[in-house]
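First the proteins, then the strands, lettered A, B, ... as listed; each starts at 1. These values consider heavy atoms only, across backbone and side chains, with no hydrogens, waters or symmetry-generated copies.
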Number of protein chains: 2
Amino acid sequence: MENAAKTIQVLVVDDHPIVRVGIVAIINARPDMAVVAQCGTAEEAIDLFEQHHPDITLMDLRLPKMSGVDAIRTIRMRHPKACFVVLTTYEGDEDIYQAIEAGARAYVIKGMPHETLVDALRRVHAGGRFLPPMVSRALASRTPDSDLSAREREVLSLLARGETNKEIAGHLGITEATVKCHVSVILMRLQVADRTQAVVTALQRGLVHL
Amino acid sequence: MENAAKTIQVLVVDDHPIVRVGIVAIINARPDMAVVAQCGTAEEAIDLFEQHHPDITLMDLRLPKMSGVDAIRTIRMRHPKACFVVLTTYEGDEDIYQAIEAGARAYVIKGMPHETLVDALRRVHAGGRFLPPMVSRALASRTPDSDLSAREREVLSLLARGETNKEIAGHLGITEATVKCHVSVILMRLQVADRTQAVVTALQRGLVHL
DNA sequence: TGTGCAATCCGACGGAAGTCGGATTCGCGG
DNA sequence: CCGCGAATCCGACTTCCGTCGGATTGCACA
């Protein structure tokens with residue numbers, strides 16, 4: 001049988017080299033875990049997972065090109081038993097929800113004590129989960145109406161670029177009146193009064209980026 | 001006289017413990033430099049500077065409560081010869097400008113190779129400066145009109161909260177018409193067409209936060 | 001002194017934004 | 001089959017936003 005004290009093999013994915021150094025130092029300082037590989041992009045992460053089959057993949061969500069969530073989805077497509085711990089600077093609740101949905105078993109925020117990260121890794125390896133109270137609260141703040149339809153998300157992203165209703169109508173090939181209707185629905189779902197507030201809350205909830 | 005090979009004493013300020021671990025590991029791995037202290041807030045940074053008088057203070061800008069720029073200003077008030085290297089996740093050009101203005105001698109972005117950070121520290125300690133091309137470009141994108149008056153910044157921050165002209169007028173004790181005028185000036189200075197675009201560009205340039 | 005410039009303030013007009021009511025399509029369960 | 005809700009679409013009405021023209025203050029500089 002397996003030895004219960006076998007070290008936990010971790011793959012580290014983060015686009016900031018400095019952060020990677022910190023994570024690697026923290027993990028390798030523990031006797032029961034070790035970093036087997038590291039990289040800075042989602043594409044490399046997929047390759048490295050195939051090579052090393054780590055026990056846990058520690059994944060940042062905001063990466064250049066392909067996102068961390070997409071990497072998780074891709075890897076879990078072929079390896080449903082793969083374990084993921086998300087480590088990110090605190091973003092909105094949408095990122096968290098997407099990550100959990102994609103199969104992440106823990107969500108740790110940069111700027112927490114080292115022990116939090118280590119705890120999360122150990123609990124996940126033991127088959128458990130780990131969500132800090134701050135994350136749980138963010139998830140609880142998701143009202144049922146807050147999920148937008150595909151079309152509405154499309155409109156919202158154009159809104160966040162500062163486009164007018166007429167411009168949005170041109171891009172989507174629909175009437176300005178229709179765009180206004182979508183905008184109204186978005187305002188209701190986000191519980192805000194006008195398009196500017198919609199953009200602000202969408203940004204801080206992570207519904208759109210930049 | 002001083003020994004030219006004397007190690008560079010560095011104070012590290014960053015609110016993310018994980019990032020601090022990475023920075024400390026990188027610096028202490030070089031024979032010519034060493035971390036003498038570290039902390040996660042601007043207030044602690046001021047105290048630690050008084051205690052250790054480091055050669056260089058490596059400072060993150062986005063900190064809880066007091067900002068890194070304010071910490072730089074406070075310390076340089078009493079120690080004009082203090083050297084600062086700013087290390088931050090890439091924000092807008094406003095942060096960069098403020099930091100340079102406050103007396104930072106180098107600006108390094110997280111997510112660059114380790115050697116960049118080490119280079120910056122060595123050059124600054126040798127009396128030089130260090131600005132990555134990305135930062136220089138961001139500074140160059142600052143048009144002369146882009147600096148707003150105090151009143152306009154005030155209006156902009158309320159804009160970014162999603163307030164209407166009437167609400168802003170109420171908060172500032174002026175007429176809605178006057179608010180509209182300020183908004184128009186802001187739009188011109190930021191070179192955008194409407195308030196939503198103004199909020200978006202203000203956020204990505206770091207003129208306002210959140 | 002006075003002239004120029006920037007900041008702050010206000011009122012009135014045209015256009016954009018948001019609300020309301022209504023129509024169509026599609027899928028889902030009775 | 002029919003009803004029902006959700007998503008998508010549109011037109012007319014009201015409110016708000018942004019522009020324009022104009023006025024005042026204060027400060028710098030000749």
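In summary, A/Lys110 and A/Asp60 engage in a salt bridge, as defined by a charged side-chain N under 4.0 Å from a carboxylate O. In summary, A/Arg161 and A/Glu167 do not engage in a salt bridge, as defined by a charged side-chain N under 4.0 Å from a carboxylate O. Salt bridge status for A/Arg205 with A/Asp93: present, with a side-chain N to carboxylate O gap under 4.0 Å.
Side-chain N/O atoms of A/Ser149 include one lying less than 4.0 angstrom from OP1 or OP2 on D/dT8. The phosphate of D/dT25 has neither OP1 nor OP2 within less than 4.0 Å of any side-chain N or O from B/Arg151. For A/Arg189, a side-chain nitrogen or oxygen approaches OP1 or OP2 of D/dA7 to under 4.0 Å.
Exactly one of A/Ile56, A/Val85, A/Val10 qualifies for a side-chain contact (heavy atoms from CB on, under 4.5 Å) with A/His125. That residue is A/Ile56.
Residue contacts for A/Val183: at a heavy-atom cut-off of 4.0 Å it reaches the sugar-phosphate backbone alone, with no base atom in range.
Going from atom CD1 of A/Ile186 over to atom C1' of D/dC9 covers 15 Å, rounded to whole Å. Counting to the nearest Å, the C1' atom of C/dC10 and the NE2 atom of B/His182 are 11 Å from each other. Counting to the nearest Å, the P atom of C/dA17 and the CD atom of A/Glu163 are 11 Å from each other. Whole-Å rounding puts the B/Gln197 CD to D/dC17 P distance at 16 Å. Spacing between atom CE of B/Met188 and atom P of D/dC20 amounts to 11 Å, rounded to whole angstrom units. Atom NZ in A/Lys180 sits about 12 Å away from atom P in D/dA12, given to the nearest Å. Here D/dC10 presents its P atom at 11 Å from CG of A/Leu172, a figure rounded to the nearest Å. Atom CG of A/Leu159 is separated from atom C1' of C/dA17 by 11 Å (rounded to the nearest Å).
Relative to the side chain of A/Ile174, the nucleotides D/dC9, D/dT8, D/dG18 differ in distance, and D/dC9 lies closest. Among the nucleotides C/dC9, C/dA17, D/dC17, the one closest to any side-chain atom of B/Thr178 is C/dC9. The side chain of A/Arg195 sits closest to C/dA17 out of D/dG18, C/dC10, C/dA17. You'll find that the side chain of A/Leu187 is closest to C/dG18, out of D/dG11, C/dG18, D/dC17. Of the candidate nucleotides D/dT19, C/dT8, C/dA17, C/dA17 has the atom nearest to the side chain of A/Asn165. When each of C/dC9, C/dA7, D/dT19 is scored by its nearest atom to the side-chain atoms of B/Cys181, the top-ranked nucleotide is C/dC9. Nearest nucleotide to the A/Lys166 side chain, out of D/dT19, C/dT8, C/dA16: C/dA16. The side chain of B/Ser184 lies closest to D/dT19 when the candidates are C/dC10, C/dT19, D/dT19. When distances are taken from the side chain of B/Glu176 to each of C/dT8, C/dC10, D/dC17, the shortest belongs to D/dC17.
Annotation: side chain of B/Ile23 is not in contact with side chain of A/Val21 (no heavy-atom distance under 4.5 Å).
For the pair A/Ser149 (side chain) and A/Glu152 (backbone), a donor-acceptor distance under 3.5 Å is present.
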